[in-house]
Asker: 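The structure under discussion is supplied below as structure tokens; questions concerning it will follow.
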Amino acid sequence: MKHTPTIRAELDRYLQQEGLSITEFGHIAGMNRGAVSAIVSGNKSMSVNQLDLITEAMGLPEGYFYDLFIENYIIDHPPNMRRIEPFLYRCGELDKLDAIRRVVGAIMDNLLYSPKLFEIAETLFAQGRHEAALLLYEGVAEAEKYQHSERLAICQYRIFTIQIGDDQSRNIGTAAVFEAFVERLDELDQLDALKDLANVYRSLRKWDKVEEMARKMRDKAEIQYTLKHQQNGREHTESTNKLSRPLFVYIAYADLLCANACEELGDYKQALHYTYAYADLDWVRETDEDTQHWIGLFKHWSQANILAYRLLCGDVSVLHEYLNYIDESSDTIQEDRITQLLNIMIAANRYKLDLNDILKRFETEIASFSQRPSSDDMYTQQVIPDYSALCGYELAYYYLNHGMYNDGFNHLFCAMVKAHILNNETYFINCMGLFVRFKAHAVPETKTEFYNLIEKVWLNNVEKSGNVDRCE
């Protein structure tokens, strides 16, 4: 049987090795003699704060004894949340994920600990320590998987939020798993959940799912809006304050999502129908500043999109009107500009337009393609990177077809890298096909760069599949 060392024994050995008395070590560690003596003698357990003081006084790295702490005071003792809670927070601060994983594994066979671990996870999540929180959410979700509780649904929502990332292939599965839990959330939480799911499916270009999520969101939001404005709706009004947006926004945003889906499917007539719906917000009863801000945004989006739909339908005479509207909207956010540029590029390539002078207006947006979004909003995190990759391809297509090969290949490589990051096979293959079409115009250095990128992507895929030894 393997003997597990103890922190007490390690401390005792250190005192003898350094020739320090308990009192002397207490002065170094900033602890009173009695506390140190009780720890050394084994008459008292220690807190994680005391452990950190002892570790620092011994000149060891932070968290050095955390594995022993788990062995000595968590696994070998009945779980004590007064000891475990501060330890988990400290592990979160130090990014000691393996330690958190061990603690969760040691105590989560008892459902009584679920509420407290969930509370700790929520705090870590609010602090931005998402990886640490994820381990706790997963532990609680696994323990409560047969409980059909709202807490389980919230855990799944948080897991979805944390796990959605650059890899679109992985995002498909993550979204599908969470979708099954949406109906178990609180009625108001469902609105943000459906909004986030719709934007993930939007980035994956699954337009049937976008419409499905949007319709559900509209139906639920309309019910909540009616309840809010009933005679005795004060309590309901207060509960809506936890939403990330004013309640009416979810109704209007559902129309915007449906319009986007129709646009992508080429049904511009139906897209206009939805656009006129979210442009007309006279039914909104609130008049506060936040409400006016969102009404202004929807008005701007509707006017811009009406022009965009006309352009994409082939009415190229509207191009300059569209550009003038974009320029006049000086407060247009960066994400809107990227969407507008994408619309212009698709129209230019579809109808063979000359944009050589126009593209200079979008130098800032084009330069931002390689930058990570700064917002944690699901639209900015998921839809904008997808639009950036697609826009890079459209720019490459435009430049290459206009004989501007240097610019064309530069944009093509950027689009390929973005497609690889997103793990979007369709975009990557389209980029490869475009290169093959114009490779006769590529200088040797460009061809080498292209083949090196292809090999790098191939090796990455081989490594993921576990077949790396076969190609060495």
Side-chain angles (χ1 to χ4, degrees), residues 1-110 112-140 143:
M1 181 176 177
K2 185 178 178 181
H3 175 68
T4 302
T6 64
I7 298 171
R8 180 184 66 79
E10 293 291 321
L11 175 56
D12 190 38
R13 184 186 60 78
Y14 176 80
L15 294 177
Q16 293 181 34
Q17 177 182 303
E18 299 297 322
L20 293 170
S21 68
I22 288 176
T23 301
E24 289 170 332
F25 183 80
H27 285 309
I28 296 171
M31 298 170 61
N32 66 61
R33 182 190 184 284
V36 178
S37 177
I39 290 170
V40 172
S41 65
N43 294 326
K44 182 183 177 183
S45 62
M46 71 179 75
S47 67
V48 68
N49 180 57
Q50 289 174 326
L51 177 60
D52 286 340
L53 292 173
I54 289 170
T55 304
E56 183 180 4
M58 293 173 68
L60 297 171
E62 288 184 303
Y64 183 83
F65 287 123
Y66 279 13
D67 283 336
L68 280 183
F69 186 85
I70 295 171
E71 294 283 349
N72 298 167
Y73 300 109
I74 296 178
I75 292 178
D76 291 345
H77 290 75
N80 183 334
M81 290 308 298
R82 286 185 295 180
R83 182 184 302 118
I84 292 172
E85 181 177 2
F87 181 69
L88 289 173
Y89 283 129
R90 187 70 177 127
C91 288
E93 289 175 17
L94 298 179
D95 205 28
K96 295 284 186 180
L97 301 182
D98 285 339
I100 295 175
R101 192 176 287 109
R102 288 190 67 197
V103 173
V104 173
I107 71 173
M108 278 314 298
D109 57 341
N110 190 333
L112 292 175
Y113 301 114
S114 284
K116 192 60 183 180
L117 285 188
F118 175 76
E119 180 185 314
I120 296 169
E122 289 283 81
T123 301
L124 289 170
F125 183 81
Q127 293 173 348
R129 305 186 194 281
H130 290 176
E131 291 304 312
L134 176 62
L135 296 173
L136 298 178
Y137 287 128
E138 289 177 333
V140 175

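No experiment lies behind these values; they were computed from the predicted model shown. The figures that follow rest on heavy atoms only: side chains count, while hydrogens, waters and symmetry mates do not.
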Asker: Atom CG in D52, atom CE in M46: separation rounded to 0.5 Å?
Answerer: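 With rounding to 0.5 Å, CG (D52) is 10.5 Å from CE (M46).
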Asker: Salt bridge (Lys or Arg N to Asp or Glu O under 4.0 Å) with D98: which residues, sequence neighbours excluded?
Answerer: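 If we apply the salt bridge (Lys or Arg N to Asp or Glu O under 4.0 Å) test to D98, skipping adjacent residues, the hits are R101.
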Asker: Do R90 and K96 have side-chain heavy atoms sitting under 4.5 Å apart?
Answerer: no
Asker: Determine whether E71 and D67 make a side-chain contact, defined as any pair of heavy atoms from C-beta on separated by less than 4.5 Å.
Answerer: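 Counting from C-beta outward, E71 and D67 never come under 4.5 Å.
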Asker: Kindly give the heavy-atom pair with the smallest separation between A133 and A121, and that separation in Å.
Answerer: CB-O, 3.5 Å
Asker: Can you measure from CD (E93) to CD (E62) and round to the nearest 0.5 angstrom?
Answerer: 9.0 Å
Asker: Other residues, nucleotides and ligands only: do more than 12 of their heavy atoms fall within 6.0 Å of OH on Y64?
Answerer: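 Open: at most 12 neighbouring heavy atoms sit under 6.0 Å from OH of Y64.
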Asker: Can you check whether L88 reaches I100 side chain to side chain, under 4.5 Å on heavy atoms?
Answerer: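 Of all side-chain heavy-atom pairs linking I100 with L88, at least one is under 4.5 Å.
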Asker: Can we call the ring centroids of F65 and F69 under 6.0 Å apart?
Answerer: no
Asker: To the nearest 0.5 Å, how far apart are CG in L11 and CD in Q16?
Answerer: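 One gets 10.0 Å once the value is rounded to the nearest 0.5 Å.
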Asker: Which side-chain N or O atoms in residues 20-29 pair as donor and acceptor under 3.5 Å with protein atoms at least two apart or in another chain?
Answerer:
{"from": "S21", "atom 1": "OG", "to": "E24", "atom 2": "N", "distance (Å)": "3.1"}
{"from": "S21", "atom 1": "OG", "to": "E24", "atom 2": "OE1", "distance (Å)": "3.3"}
{"from": "T23", "atom 1": "OG1", "to": "R33", "atom 2": "NE", "distance (Å)": "3.1"}
{"from": "E24", "atom 1": "OE1", "to": "S21", "atom 2": "N", "distance (Å)": "2.9"}

Asker: So, taking the atom named CG in L136 and the one named CD in E131, what distance separates them when rounded to the nearest 0.5 Å?
Answerer: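 Spacing of CG (L136) from CD (E131) equals 12.0 Å.
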Asker: Taking only residues two or more places apart in sequence or in another chain, which ones pass side chain to side chain donor-acceptor pair (under 3.5 Å) with Q50?
Answerer: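 In terms of side chain to side chain donor-acceptor pair (under 3.5 Å), with neighbours along the sequence ignored, Q50 is linked to no residue.
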Asker: What distance do L51 atom CG and N72 atom CG have between them, rounded to the nearest 0.5 Å?
Answerer: 9.5 Å
Asker: Which heavy atom in M108 sits nearest to a heavy atom in S114, and how many Å separate them?
Answerer: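 The answer is CE-OG, 3.4 Å.
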Asker: What is the minimum heavy-atom distance between L53 and M31, and which atoms define it?
Answerer: CD1-CG, 3.8 Å
Asker: Are side-chain heavy atoms of N80 and I84 found at a separation under 4.5 Å?
Answerer: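 They are not in contact (no side-chain heavy atoms under 4.5 Å apart), so the answer is no.
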Asker: Distance from L117 atom CG to E138 atom CD, nearest 0.5 Å?
Answerer: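 Here the interatomic distance stands at 13.0 Å.
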Asker: Taking the side chain as every heavy atom from C-beta outward, state whether F87 and I74 have any pair of such atoms under 4.5 Å apart.
Answerer: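 In short, these two side chains touch, coming nearer than 4.5 Å.
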Asker: Quick one, M81 with I120, criterion side chain to side chain contact (heavy atoms under 4.5 Å, CB included). Give me CA distance, side-chain angles, the key distance, then yes/no.
Answerer: CA-CA 11 Å; M81 290 308 298; I120 296 169; 4.1 Å; yes
Asker: State, to 0.1 Å, how close I75 and A106 come at their nearest heavy-atom pair, and which atoms those are.
Answerer: CG1-CB, 4.1 Å
Asker: For Y73, does its backbone N or O pair with a side-chain atom of R83 as donor and acceptor, under 3.5 Å?
Answerer: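 Answer holds: yes.
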Asker: Taking C-beta and beyond as the side chain, do L94 and Y66 meet within less than 4.5 Å on heavy atoms?
Answerer: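 Side-chain contact under 4.5 Å: yes.
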Asker: For A38 and S41, which heavy atoms make the closest approach, and how far apart are they?
Answerer: O-OG, 3.1 Å
Asker: Which atoms form the tightest heavy-atom contact between E85 and K116, and what is the distance?
Answerer: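 Of all heavy-atom pairs spanning E85 and K116, the closest is OE1-CE, 2.9 Å.
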